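Working notes, beginning with the structure itself.
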Amino acid sequence: MMKKFSIFTASLLSVAVIGTAIAHESENPAVKARTSIMQLYAFNLGALGGMAKGDVEYDAEAATRAANNLVVLTQIDQSAMWPAGSDNASDPSSRALPAIWENFADVGAKGQAMADAAVAMQTAAGQDVEALKAAMGDLGGACSACHKAYRAPKE
């Protein structure tokens, strides 16, 4: 039976999600799409984080499935989901800072770091819980690096 999610998992989920706790849903389809992608990241990261923390029993098959999902998500061409004018200054439902469009090359590099960390997790997830834990730091760090620089804090 799954244990309750820990503070660690809750924190990981809040780091992974860009726009889930918004006052209203964006009318912009690009913002809706990228918010959906972030929710899928959060869902899969939550499963892995729960196992890494020990709040959920380690399950090699479930961990591998979540890691595989993350790899697929990082391979989706998201370029159409980030049009200029879809930042929090233009769309109050978005937490994306305008700085994204000022330094899109850095955002791309951070996205590549996320993709690399997801591949590393894909390799580690099915081995054992210790390998999963070791890969979790880089994966969480990749998410956090982009969010710290380019996401507005939750109000």
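Source: prediction; values computed, not measured.
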Is the backbone N or O of [Y] less than 3.5 Å from a side-chain atom of [X], with the two atoms forming a donor-acceptor pair by type?
X    : Y    : value
W101 : W82  : yes
S36  : K32  : yes
R95  : A152 : yes

Once rounded to the nearest 0.5 Å, what's the spacing between atom [atom1] of [X] and atom [atom2] of [Y]?
X    : Y    : atom1 : atom2 : answer
M38  : R151 : CE    : CZ    : 9.5 Å
L70  : L40  : CG    : CG    : 9.5 Å
Y150 : E102 : OH    : CD    : 9.0 Å
Q122 : T74  : CD    : OG1   : 8.5 Å
R65  : L48  : CZ    : CG    : 10.5 Å

Show me the donor-acceptor pairs, under 3.5 Å and distance only, between side chains in residues 134-143 and residues at least two apart or in other chains.
none

Listed partners of [X] passing side chain to side chain donor-acceptor pair (under 3.5 Å), at least two apart:
X   : value
Q75 : none
N69 : N44
T64 : none

Subject >> Heavy-atom side-chain contact between E27 and S93 under 4.5 Å >> reply: no
Original post:
Side chains of V31 and S86: closer than 4.5 Å at any heavy-atom pair?
Top reply: yes
Under 3.5 Å, sequence neighbours excluded: what are the donor-acceptor pairs made by side chains of residues 125-133?
unit_1 : atom_1 : unit_2 : atom_2 : d
Q127   : NE2    : T123   : O      : 3.2
D128   : OD1    : E130   : N      : 3.1
D128   : OD1    : A131   : N      : 2.7

If you compare all heavy atoms of [X] against all heavy atoms of [Y], which two are closest, and at what distance to 0.1 Å?
X    : Y    : result
A145 : K110 : O-CE, 3.6 Å
L97  : A149 : CD1-O, 3.8 Å
M51  : E57  : CG-O, 3.7 Å

Original post:
Quick one: hydrophobic cluster around V71, which other residues, with the 4.5 Å side-chain cut-off, linked directly or via members?
Top reply: V119
Original post:
Would L73 end up clustered with V107 when hydrophobic side chains under 4.5 Å apart are linked, directly or stepwise?
Top reply: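 Yes; V107 is reachable from L73 via cluster members.
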Original post:
Does V72 belong to the same Ile/Leu/Val/Met/Phe/Trp/Tyr cluster as I37, with side-chain heavy atoms less than 4.5 Å apart forming each link?
Top reply: no
